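Single-structure report; data block below.
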Amino acid sequence: MTAHGQYEDVDLDVEEALALVKDSGGHRPGEATPWPQARVTAARAPRTPTAPVSVPLDAALGLVLAAPLTALTDLPSFDTSAMDGWAVAGPGPWHVRPEGVLAGHAEPAPLTDGEAVRIATGARIPQDATAVLRSEHGRTDDKDRLHATRDVVHGQDIRPRGQECRSGDALLPPGTHITPPALGLAAAAGYDTVSAVPRPRAEVLVLGDELLTEGLPHEGLIRDALGPMLPPWLRALGADVIAVRRLGDDAEALHKALQHSEADLIVTTGGTAAGPVDHVHPTLRRIGAQLLVNGVKVRPGHPMLLARTKRNQHLVGLPGNPLAAVSGLLTLAEPLLRTLAGRLAPEPYTLPLQEAVHGHPYDTRLIPVMLREDRAVPLHYNGPAMLRGIAVADALAVVPPGGGRPGQELEILELPWAMAGMGAGTA
Ligand SMILES: Nc1nc2c(c(=O)[nH]1)N[C@H]1C(S)=C(S)[C@@H](COP(=O)(O)OP(=O)(O)OC[C@H]3O[C@@H](n4cnc5c(N)ncnc54)[C@H](O)[C@@H]3O)O[C@H]1N2
Ligand code: MOO
């Protein structure tokens with residue numbers, strides 16, 4: 001049994017197999033953009049830069065800093081005890097003061113040589129203290145005198161004011177991805193809000209008269225798989241999904257929706273091919289949109305497209321076949337959203353293939369894989385209409401034209417939830 005257990009090999013469906021033996025040319029031969037170039041075009045989609053917004057810390061996770069995070073205070077902001085014990089002045093033994101010092105308390109009175117005071121971790125060091133003696137390294141005698149049980153080094157266990165940064169120091173550059181520790185650092189450095197690149201707004205338009213939103217498929221009608229899948233996926237890619245509309249195969253409804261959308265990115269599903277109810281291209285022509293990518297040399301998903309619909313608005317047309325839609329999402333929507341959100345591209349990386357995969361003669365293939373012991377294990381059920389493979393995948397592997405041999409290094413496109421340690425296939 002292979003790593004993917006009982007999965008039967010349905011690597012290629014009939015359409016894909018036919019495409020391998022006799023490339024039909026598919027979607028507008030000659031116009032289609034090579035896959036790597038399509039991603040670059042999407043990442044460089046023209047638009048005017050967005051104005052930064054001021055975001056409270058509890059809403060800033062996942063955004064990108066629009067301005068440097070400059071320390072608003074010294075850190076620590078006062079000389080601080082690093083341990084529970086005693087602050088001591090000069091050589092011991094020391095006379096211990098009756099009142100201790102706790103974190104958050106007012107400034108303690110200065111010590112004089114030969115004096116000690118009990119102190120908690122995080123409390124302010126009294127002026128003229130020379131060291132902190134940890135509680136496990138000191139003992140008091142019956143006259144309340146403190147003796148060190150090991151050598152005391154000047155300054156030990158005192159965190160001096162400004163040890164981490166001085167007020168005005170640059171802590172994080174603009175463009176930094178706001179992670180949980182970045183939020184913690186911003187709070188420690190005195191921030192209530194940060195200046196961030198706003199989340200790009202996305203709107204999803206699901207096309208197709210054959211789609212049901214509940215119940216079992218019947219009489220040629222099927223369940224809409226993309227309505228439930230795309231909004232959370234777009235959110236995982238950093239978008240704020242402002243609307244999801246189901247428009248059927250109604251060219252007028254699509255025209256109206258495009259005219260009125262206030263999104264930065266419109267994502268349509270279906271209607272990209274040349275069938276009688278494929279309204280995306282005619283509607284884009286009607287509104288005078290500029291086609292930046294019209295078909296990509298990738299399987300599945302080759303009819304995908306990218307258009308500039310307004311000065312600061314783009315449309316990604318995803319093919320209706322669900323895995324083809326995933327391919328379009330990662331090829332066009334992901335790089336575009338990354339740029340809109342001000343994020344840098346992740347360093348590309350490769351992993352060796354566990355076993356051979358078929359290739360398309362001229363086009364790139366994207367196939368769902370599990371990542372196991374630093375190898376990419378191809379998953380089956382990867383036909384354009386299937387989600388069964390991708391639903392257990394950690395990533396997509398980029399198979400160059402001609403296919404991949406066992407051990408061949410392939411570029412890996414990670415899935416956002418797999419990166420967060422929530423890989424669907426972690427066993
Ligand atoms: N003459 C040609 N026909 C087709 C070509 C071609 O090159 N020449 N390309 C094929 C490929 S590849 C794909 S992919 C599809 C793309 O078609 P559309 O984007 O126009 O999508 P539809 O025709 O609307 O749907 C295709 C398929 O997907 C199902 N679908 C649509 N939306 C959903 C959804 N939300 N959830 C689940 N399934 C969905 C739909 O019922 C169809 O079965 O075109 C080929 N044709
Ligand atoms: O087969 Mo089509 O390439 O996108 O599903």
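Numbering of ligands and ligand atoms starts at 1, following listing order. Source: prediction; values computed, not measured. Atom set for the values below is all heavy atoms of this structure, side chains included, hydrogens, waters and symmetry mates excluded.
The pair Asp264-Arg201 meets the salt-bridge criterion, since a charged nitrogen lies less than 4.0 angstrom from a carboxylate oxygen. Between Glu334 and Arg338 a salt bridge is recorded (basic side-chain N to carboxylate O distance below 4.0 Å). The pair Arg150-Glu136 fails the salt-bridge criterion, with no side-chain N (NZ, NE, NH1 or NH2) lying under 4.0 Å from an Asp/Glu carboxylate O.
Across the listed options Asp278, Asp224, Leu387, Asp224 owns the non-hydrogen atom lying nearest to atom 35 (N) of ligand 1. In this comparison of Leu211, Thr269, Leu318, the heavy atom closest to atom 34 (C) of ligand 1 sits on Leu211.
In the vicinity of His302, heavy-atom distances shorter than 4.0 Å reach the ligand 1 atoms 7 (O), 12 (S). Proximity to Arg223 (heavy-atom distance under 4.0 Å) selects the following atoms of ligand 1: 36 (N), 37 (C). When each atom of ligand 2 is checked for a heavy atom of Asn321 under 4.0 Å away, the hits are 5 (O). Residue contact check: Thr272 has heavy atoms under 4.0 Å from atoms 16 (C), 18 (P), 19 (O), 20 (O) of ligand 1. Short contacts between ligand 2 and Ala324, defined as distances under 4.0 Å to a heavy atom of the residue, involve ligand atoms 4 (O), 5 (O). Close approach of ligand 2 to Pro303 (heavy-atom distance below 4.0 Å) involves ligand atoms 4 (O). Under a 4.0 Å criterion applied to the non-hydrogen atoms of Gly301, ligand 2 contributes the atoms 2 (Mo), 3 (O), 4 (O). The atoms of ligand 2 that sit less than 4.0 Å from any heavy atom of His302 are 3 (O), 4 (O). Counting atoms of ligand 2 from 1 in the listed order, those under 4.0 Å from a heavy atom of Pro384 are 1 (O), 5 (O).
Of the N or O atoms in Asn321, one or more lie within a sub-3.5 Å distance of an N or O in ligand 1. Looking at Ala273 next to ligand 1, an N or O pair under 3.5 Å apart turns up. Here's the thing with Gly271: one of its N/O atoms is less than 3.5 angstrom from an N/O atom of ligand 1. In terms of polar-atom proximity, defined here as any N/O pair under 3.5 Å, Ala324 makes no such contact with ligand 1. Among the atoms of Ile222, none of the N or O lies under 3.5 angstrom from an N or O of ligand 1.
With contacts defined as side-chain heavy-atom distances shorter than 4.5 Å, the pair Leu265/Leu336 qualifies. Contact check for Glu164 versus Asp169: no side-chain heavy atoms found under the 4.5 Å cut-off.
The two residues Ser327 and Met304 come nearest to each other via the heavy atoms OG-CE, 3.5 Å.
Rounding to the nearest 0.5 angstrom, the gap separating the CD1 atom in Ile266 from the CG atom in Leu258 is 5.0 Å.
Looking only at atom types and distance, the side chain of Thr48 has a donor-acceptor partner in the side chain of Asn312 under 3.5 Å away.
Checking side-chain atoms of Gln156 against main-chain N and O of Val153 turns up a donor-acceptor pair under 3.5 Å.
Atom CD of Glu409 has more than 12 heavy atoms from other residues, nucleotides or ligands within 6.0 Å.
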